[in-house]
Amino acid sequence: MTVRTRVAPSPSGDPHVGTAYVALFNLAFAKSQGGRFVLRIEDTDRARSSEASEERILAALRWAGIEWDEGPDVGGPHAPYRQSERLPIYRRHAQELLEAGGAFRCFCSEERIDALRPSQLERGQMPGYDGHCLGLDPDDAAERAASGEPHVVRLRVPVEGACSVQDRLRGVIETPWRQVNMQVLLKRDGFPTYHLAAAVDDHLMGITHVLRGDEWLSSMPKAQLIHECFGWELPEHAHLPLLRDAQRRKLSKRRNPTGLDYFRAAGYLPEALLNYLALMGWSMPDERELFSLEELIAAFDLDRVSTGGPVFDMEKLNWLNGQHMRRLSPAAFVERVERWGINRERLGRLAPLVQPRAERLSDVVPLADYLLGERAALKADAFAHKALSTEDCRRILHHALRALQSEAQWESAALMASMKPLAAAMELKLRDFLFPLFVAIAGRAAALPLFDSMAFLGADLTRARLRSALDALGGVSNKAAKRLDAEFDALPLAGRSAAPAS
RNA sequence: GUCCCCUUCGUCUAGAGGCCUAGGACACUGGGUUUUCAUCCCAGUAACAGGGGUUCGACUCCCCUAGGGGACGCCA
């Protein structure tokens with residue numbers, strides 16, 4: 001039996017370093033076993049998925065050096081690899097489950113189920129579906145469904161006893177069935193949820209090993225139950241530890257640079273990133289820390305994966321990146337620098353900004369230093385201003401970050417269009433409002449035009465610099481963040497998309 | 001709130017009952033090499049969460065406690 005693994009990103013946001021992390025382990029394991037690695041797109045959430053996000057995720061994974069044998073863009077024997085193109089398959093399987101009694105139709109409103117919550121919590125129960133439609137006669141239910149009554153299909157979960165699942169890294173895990181929700185498998189809109197789609201696809205695509213994030217561990221009983229109902233063999237599961245931030249929380253986009261685009265823009269070598277990621281929860285048998293993807297594959301051993309959640313440490317990544325840089329030949333080094341960003345294309349984009357301000361050719365680099373490379377480190381006194389207090393600067397940076405969080409169109413005019421109303425809503429002169437942003441982005445109050453600079457840097461680098469500026473100003477405590485979030489939410493900003501604080 | 005998972009230096013980790021006086025790496029400190037800096041080399045500080053068992057012997061096995069994390073969605 002040839003080993004087949006998969007990574008299954010959901011195209012609903014920026015390419016995340018966690019996706020590359022899970023992909024890397026799946027790739028390394030499959031290749032170490034002479035197997036195949038599949039990329040599948042899980043776009044069953046119609047509201048959140050987008051083609052643009054899918055494209056960016058594939059491009060970012062490719063940049064990182066992750067290659068897949070089968071996928072939506074390269075095809076393969078189990079196509080299509082995009083779940084939105086496999087809808088009939090899921091419907092057929094849901095029907096099969098219904099007929100076998102492994103699932104049932106549920107006509108409850110979402111409101112009714114939400115209303116259950118408080119009393120369940122009070123009784124010390126896990127909140128969830130109460131089995132209201134469990135007793136419906138299947139034929140009656142089918143008839144109601146046929147007549148067009150809106151409903152969902154739910155997984156029939158035993159109410160008594162315990163479920164026993166096996167994780168490759170942790171052994172046997174027992175969970176009371178009471179803790180397992182009667183998961184919706186087919187939504188009201190006819191789309192499958194993750195649980196159905198993943199189980200069906202893993203089986204149909206011949207996936208033998210599922211390596212995925214820790215956060216899935218508690219839903220393993222559902223996967224097992226679904227496989228059992230179909231009479232399928234469950235792939236072997238190994239739950240990888242979750243990458244943490246310095247506060248030991250799941251790496252969050254809000255506070256840390258987590259986008260693959262950030263690492264690319266910030267000048268990390270993909271082979272160094274992969275090398276670093278491999279060190280998170282895994283180690284070479286000989287404890288060597290500097291290695292290539294090929295070496296990783298050659299030495300990979302699933303049983304050497306550790307289970308504690310590792311903290312992502314930029315300092316060590318920086319060191320590793322330096323090690324990889326120094327191993328490049330001078331020619332390769334130049335080639336990498338050029339490919340990264342000091343090239344004709346990027347200089348061309350700089351020309352309209354720099355040309356009007358330069359008197360000599362040698363002015364180019366000092367004018368654009370912060371766009372071509374990392375800006376200078378900041379201290380709090382860089383934000384001294386005649387009209388703005390430190391607190392004002394903090395507020396501006398925080399609110400700008402919030403407003404930019406959901407900025408879809410990352411180009412100069414659009415950025416201007418979202419920042420200008422923010423300044424107005426904060427009752428600040430644009431000139432004053434812009435000051436801390438200039439310092440955060442350029443490291444100084446006078447620089448090339450701000451929004452052009454932000455556009456040139458890209459979203460990830462821009463956000464990272466704003467965050468780092470906030471840190472230079474003493475950081476924002478959790479309490480202060482809450483207050484600032486509330487302030488931001490109360491601002492009279494017309495037509496903004498309601499981006500949640502987290 | 002309920003359930004599940006996790007717990008070795010500040011951080012990433014080695015360690016599968018005696019190789020442990022707990023090893024390596026990042027960071028930090030000191031020293032050396034280098035025209036400066038960086039690199040590089042050498043040295044140092046620093047950990048088995050706590051408590052009970054089991055055993056001749058426990059970082060390693062079991063139990064309890066504590067701490068951390070995760071799940072509990074018609075998101076994935």
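Lettering of chains follows the sequences in order, A, B, ..., and the numbering in each one begins at 1. Model, not experiment: these values are computed from the prediction.
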Check the distance between B/C75's C1' and A/Lys187's NZ and give it to me in whole angstrom. 7 Å

Closest of B/C4, B/C12, B/U39 to the A/Lys316 side chain is B/C12

Of the listed nucleotides B/C12, B/A71, B/C5, the one nearest the side chain of A/Ile173: B/C5

Taking the side chain of A/Glu315 as heavy atoms from C-beta outward, which of B/U13, B/U2, B/C26 is closest to it? B/C26

Taking the side chain of A/Arg117 as its heavy atoms from C-beta onward, which of B/C75, B/C26, B/G73 lies nearest to it? B/G73

Just N and O in the side chain of A/Lys250: are any of them under 4.0 Å from OP1 or OP2 of B/C6? no

Using a 4.0 Å heavy-atom cut-off across all strands, classify A/Cys163 as base, sugar-phosphate, or nothing. nothing

Give the rounded distance in Å between these two atoms: CE of A/Met126 and C1' of B/G73. 11 Å

Please pick, from B/A76, B/C6, B/G73, the nucleotide with the shortest atom-to-atom distance to any side-chain atom of A/Glu42. B/A76

Check every atom of B/G24, B/G70, B/C3 against the side chain of A/Arg249 and return the nucleotide holding the closest atom. B/G70

Indicate yes or no: does A/Arg40 engage A/Asp202 in a salt bridge with an N to O separation below 4.0 Å. yes

So if I take every side-chain heavy atom of A/Glu110 and compare against B/G24, B/G70, B/C74, which nucleotide ends up nearest? B/C74

For atom P, what is the distance between B/C28 and B/G70, given to the nearest Å? 29 Å

Under-4.0 Å side-chain N/O to phosphate OP1/OP2 contact, A/Arg304 with B/G15: yes

Counting any heavy atom closer than 4.0 Å, what does A/Glu287 reach on the DNA or RNA strands: base, sugar-phosphate only, or nothing? base

Verdict with reasoning, A/Tyr81 to A/Trp68, per ring pair (Phe, Tyr, Trp, His ring centres under 6.0 Å): CA-CA 12 Å; A/Tyr81 290 91; A/Trp68 43 96; over 10 Å; no

Please determine whether the number of non-hydrogen atoms from other residues, nucleotides or ligands lying under 6.0 Å from atom CD of A/Glu295 exceeds 12. yes

B/G17 and B/C12, which share atom name C1', separated by this distance in whole Å: 26 Å

If the P atom of B/C42 is compared with that of B/A66, how far apart are they to the nearest Å? 46 Å

Which one, B/A25, B/C5, B/U7, comes nearest to the side chain of A/Thr307? B/U7

OP1 or OP2 of B/C12 sitting under 4.0 Å from any side-chain N/O of A/Arg244? no

Base, sugar-phosphate or nothing for A/Gln83? Non-hydrogen atoms, less than 4.0 Å. nothing

Against the side chain of A/Trp319, the closest entry in B/A71, B/C5, B/C26 is B/C26

Integer angstrom distance from the C1' of B/A47 to that of B/G15: 13 Å

Looking across every strand, which nucleic acid part, if any, lies under 4.0 Å from A/Arg248 by heavy atom: base, sugar-phosphate, or nothing? sugar-phosphate

How many Å lie between NE2 on A/His324 and C1' on B/A25, as a whole number? 13 Å

Distance between P atoms of B/A27 and B/G73 (Å, rounded): 44 Å

Distance from A/Leu274 atom CG to A/Tyr268 atom OH, nearest 0.5 Å? 15.0 Å

Does the ring center of A/Phe29 lie less than 6.0 Å from the ring center of A/His209? yes

Tightest non-hydrogen contact, residues A/Thr208 and A/Val3, listed as OG1-CA, 3.4 Å

OP1, OP2 of B/A14 versus side-chain N and O of A/Ser283: anything below 4.0 Å? yes

Rounded to whole Å, how long is the line connecting atom CD of A/Gln247 with atom P of B/G10? 17 Å

Whichever of A/Ser306 and A/Leu121 has its nearest RNA chain B nucleotide further upstream toward 5': A/Leu121

Using 30° and 60° as the class limits, which term best fits the ring planes of A/Trp232 and A/His203: parallel, tilted or perpendicular? parallel

Could you say whether A/Arg123 or A/Leu169 is positioned toward the 5' end of RNA chain B, judged by the nucleotide with the nearest heavy atom to each? A/Arg123

Check this one for me: any side-chain N or O of A/Thr44 less than 4.0 Å away from OP1 or OP2 of B/A76? yes

